[in-house]
Amino acid sequence: KTEASSTCRRVFVTTNLLIRGAMLFSVGVFLALVLNLLQVQRNVTLFPPDVISSIFSSAWWVPPCCGTASAMIGLLYPCIDSCLGEPHKFKREWSSVMRCVAVFVGINHASAKVDFANNVQLSLTLAALSIGLWWTFDRSRSGFSLGVTIALLATLATQLLVYNGVFQYTSPDFLYIRSWLPCIFFAGVITMGNIGRQLALYEYKFIQEKSHQD
Amino acid sequence: MSFDTISPGDAFKLGVLGSVEKRSLDAPRRPVLGRAVLPNGRELTPPARMTLRKQLREKISAAFYRHGLLCASYPVPIILFTSASILTCCYPLLRLPLPGTGPVEFTTGVRDYSVPSHEPQGDLGERPDWYRGPPVAYIQQVLVKAAVSPWDSSLVPVDVFRSPLGRVFSLLEEIRNHVHSDSSGIRSLESLCLQVTDLFPGLRRMQSVLPEHGCLLVSPGNYWQNQRELFDSDADLLKTIQKHEPKGLHTSATLRDLLFGVPGKYTGVSHYNRKRVVTYTITVVLSSYDARFLGSLRARLKQLHPSANCSLREDHMVHVHFKEEIGIAELIPLVTTYIILFAYIYFSTRKIDMVKSKWGLALAAVVTVLSSLLMSVGLCTLFGLTPTLNGGEIFPYLVVVIGLENVLVLTKSVVSTPVDLEVKLRIAQGLSNESWSIMKNMATELCIILIGYFTLVPAIQEFCLFAVVGLVSDFFLQMFFFTTVLSIDIRRMELADLNRRLPAEAGLPPPKPGPLRPREVPPPPRPSPHTITLQTPAFRNLRLPKRLRVVYFLARTRLAQRIIMVGTVIWIGILVYTDPAGIRTYLAAQVSEQSPLGDPGGAGLPPHLGVAPVFRGGDPTSTLSIHPAPDPTPLPENQSQGHHGPARAGLLPQAPPAVPQITWGAEDEEGWRRLSFRHWPSLFSYYNITLAKRYISILPVIPVTVHLSPQEAIETRHPQDTRHPPPPIPKVSADLQTDLTLYKVAALGLAAGVLLVLLLFCLYRVLCPRNYGQNGVSHGRRRRGDLPCDDYGYSPPVSEISPLLLRGHSMDIECLASDGMLLASCCLAGQIRVWDAQTGDCLTVIPKPGLRRSSSSSGCWEQRDGWDGVGGATEPECLCSEAHGSYVGIDGLSEEEEGYPLRRRTAPIRPTLFNDQPDLTPLIDTNFTSQPPSHLLSTPPRAGFDFGGLVERAYMEHEPPSPSAYTSPSSASSSPPTGAQLQRRPSLGDIAAALPPERAPSSGPQADWESSVWAMELRGNLIAAGRSSGKLELWDAVEGSLRCSNEDGVSGITALAFLNNRIVAARLNGSLDFFTVEINKPLCLLQYRGAPLRGSVPPSPCYSSEDVISCQLTRSVQCAHHKPITVLRAPPGGSSPAARTTPSGFIVWRTRVVSSPCRVTLEGSQPYTSTRQWFWRVEGRTAPSACGMSSQGAVSAMFTVTAATSPHWSAPPPASSARDWTTSSVSGTAAQGSNSTPYSRKRAAAPVWA
């Protein structure tokens, strides 16, 4: 009986993991597409632009990369939480997650559309916003450190990509990239981690109930 | 603190604590406070150590309390006041342009026109702020109306437009070659016009039509590259024109509109033009404005082609400002943010619970946020800050920043206040509970926004300003509007509860019992028998396969349908909004056509339905006489010069349509208005010039009237024109044909929609369980939280968890035992009742053994049971509250209103003053139903009741009290209720003499009957009862007779357990006694009664009434525990003689469901002390905790409470497992039912395995 139940649990955990990964992936792809659109400079083209081409205004590999990254992050967060043995309890509800996503999109929006005096101001503002995002929706040290780490890694990767000429920024101000990129990465990591934790809550609850039942 | 000495204030405090914990569970923003709270919601803090923070906190709390009282007391005036202030604050919004991409106009005079300067000037009043600097271009339109007149019957339809169109080339020539020379030099069009270069890449197909590398001058002649030869050699003009039209349904400005300058159906270029007037424009786009050149051009054209009755005003030029265009690239992020916003609002309002109208409150919450935003914009406008940000873009972020949290927290806090309080007090308490956190959050947000303000980025500053004002107004609205709405809602809920209960109490036939009875909204326990489903949905759901769970998730949320619906709505909205040929422009055109302002003297009617057709059928001469009349400035030379006058006059006797009439109306003044508002932007966009955020100036149109003679028309005819077949369907115009395509598209769309619906339906059938929404009326649309549901929110359709009220006990329940089929309960009065756990019927009543004498009148009990059976299911509460009112003077109505009259009755009874006094609470019989009215009437002459004996009994435990003084044998025999009263109120009187002789049938000795039952166990139809005197009794559960008793022990029996044919009794001194039950008719043991509900329990032996049962102490384990044993458990198998005990030193946690309004009772018992902490809290009316999920939360909440009260607090026990939960819920429910108070005594709840 215990074998059966443990097998059942394993199957459940695996499927849950897959489902979560898929959901996170799709969320990441979607956000990448949308936010990329935000970054595209607005040239008012009065012709109805070709929808498909404008959606895929970036290279084809960008959305899958973002999706994969977000899936990894979203799975990593609850994993680290469980490793540390402290399930994240702060504001675990979907409305808060939605708020977080909205703020993340808003940060992107601000970075794309608001005219700042100089890049330093822009970067500082975005950094403050990102920290505020973390403080409002996460407040866990593990989340913060993970976010910083991943943001730094992603920044490095972007630097390398740009250095190798895969793509480029119009007006780089931080070596090869824009200086606000780490902030955006950080905010994105926090957001995806938030979503991932919320999704993982179901599995957590299930396991809890299961153990109770046993 | 003993349970018994709990005071109303304490009870209240606990309620408040409960609400605090509630908040802390869901949104742990605030530390849980184990601090004392005054009954009015203020915290009780020692003044000496009161810090500033606490002072502030207390003040805020008090202020919120008062405010809550105010709001709940005067709801209507406050709502009116709030609405008025909202409207006042929104009033400045009327001056703001509506958001959208539509262009904005500003009209100036032509005469004193000068290019506006770049610098904003202060005193310009109405001048809009975009009217700065030179425009992108000046648009000069030459509006040509041409007709072949008189119309000859020899002419073919093509003649209607061929020669008029041909005139465009000469006009173009004229315009191009016009040169104005004066003192300042020679100016030609080339020097003034807007020079364009290449077309936008990607528009190669238009290269042949649109001008490149030269003046931007468009006219219908562009179709033929402005070459007369090409035009003349064109065999089919219409085909040429149609060639460039996009296929399909076009929504934006078409090339035809661009070149003709008037909407397609006004051009008259078609075979079916019955008016035979062709209208087109030559559009000249100028880069700089030269009044003299334009004036001379105007004069020249007018001179060449004078317009007779033209009264177009020429003194106004219109500047049109174009907003930013929203392309798909911008639209997608926008839509995304809105989707996120809606998801946020959805997930937020979903949490509103336990209110009367969830939708209403959700709406109120959304209204609060929206109107606070509107107020903020209005206020900002009032103080001179005009929004420059795109309102639609920042709106979702503003909503997210302001948030719905406060509203939800308020709701939660208010609904978690004790339900028996007045509405006013509940609101006030709820507000006051959350006051600190609300203020703190608001201060935090203001700080954050302030920081944002100092980024000194204009856009962010503006955003922050709006957010600040929005936050403040949102706070205002929450405090006034939402709180009031909430109070109204709660009042409605209580009224609804009352109404729902009233018909049930009116003695109507109880609803048909059945497992699939339609679910009612659970909060008030409905006193009708129905089943208890032991399995909560959570456990059932756990066994569901995953795919089913996914499907259930989809089915429950209807994700697919909702997404598709939302998508469709958004799509339609976008279509309607952005379609230039759509509703907006159509409506605008309608309005402008029909508005009396732009329609002086009826001349504004469009030419195709205007004056001409009206007069056509009338007297031809009247046409002449009337028609020139509206002409205010008939130029005599025009009439003489033009050849149309005589021509027209000469042809008057002809058929009316023979004279194509060229009329000029007000609508021609600004003919461009009939074009799509995308017209100019698209024209300029072809040359990669954007008009977004810029403006163009449209100069007054130059009217040109051209009349052509039939000879001219025939001359310009193409050889193939005459061969053109006559119009096949003369009645159907080309416009109608285009309309037809529209209809076709509409029909197609409709079909697609139907298909979509069918597809969705199929999906629905596939995805959803077949009986979805059928089992249980409102299952599909049940409110979340009404029912326990699993994490996925799905609860299986058939599970019914309804409380089963078991009424009958007059005092607090002491013991409870159940084997699944039967349920035995014992109250403090010593009365044991046996219930059918399935139906809730009271099977047996075993009175207190000391009063066995009344078994002679056993009919009393039967009578009473019958009374219970008929009306007892519904009546007693009502009756008792009335009786209560008559006795004590408590308002009966309020008693009924509160939904839980039971608690109210008990809370005030327990004073906190006399801790050292014995607790008399159990002696108070609040069930007055048994008091016969006749008895009441007989007593008034005497000075009320004599409670002397009652109190005496409490003081002297060992002295048997005396029965009631009022019970005479005659009354006992005459009226059965009196008999019941006799038995149930043994201590009221002092007639001791009447009793002893009649106590004969009682087998127990004299001393045992005042000893209370401490433990009870049920097995089969045997009830084992352990008394405080140490006596073990075995009762027949069905017949209610005492089968045997054993008095080997002296110490009180605290716990009992059945082990096969043995009974284990745990005594107060920690010893364990094993009794052997012997039945001397062993055959009967072969009969087994099945226990269908608990398969693990071995079948219970059934004892027949003839059996003689004996019970002997076989073994005794002394000092099995050092402390009194409170919990005794026999292993379920029953074969092993081992008994598990729990020393009471270990704190045993018990959770129980009292009723469907789930109150979780937690108890911690201390060793060697009879004091037990009783905590109850109202979890809320509905029980999301019933699935056991939040029972753990309740336990964890208990930690804080108990840690404050119990000094040596051992390790927290593991959370009660869900299985125990289910078992305890049964007995807990029963305990509530049979008890008159929600407090249940020590062993009332089924023990929980720790």
key: Under 4.5 Å from a heavy atom of chain A, the part of B:Val399 involved   = neither
Side chain / backbone / both / neither for B:Thr444 at chain A, heavy atoms under 4.5 Å = side chain
task = Verify side chain to side chain contact (heavy atoms under 4.5 Å, CB included) between B:Tyr397 and A:His109, making sure each step is shown before the conclusion.
result = CA-CA 10 Å; B:Tyr397 302 121; A:His109 204 138; 3.0 Å; yes
message = Just so I know, are the side chains of B:Phe347 and A:Val97 near enough to count as touching, which here means a heavy-atom distance under 4.5 Å?
response = no
remark   = So CD1 of B:Ile340 and CZ of A:Phe104: to nearest 0.5 Å the spacing works out to 9.5 Å
message = Which atoms of B:Ser348 are under 4.5 Å from chain A, going by heavy atoms: the side chain, the backbone, both sets, or neither?
response = both
query = To the nearest 0.5 Å, how far apart are CG in A:Leu129 and CD1 in B:Ile451?
reply = 10.5 Å
remark   = Most contact-rich option vs chain B, by heavy-atom pairs under 4.5 angstrom, among A:Val101, A:Val105, A:Leu124, A:Val103, is A:Val105
Over all atoms of both residues, closest heavy-atom pair of B:Ala343 and A:Met98 = CB-SD, 3.4 Å
note = Rounded to the nearest 0.5 angstrom, the CG-OG1 distance for A:Leu35 and B:Thr336 is 8.0 Å
Exam field: side chain B:Arg350 to backbone A:Ser95, donor-acceptor pair closer than 3.5 Å = no
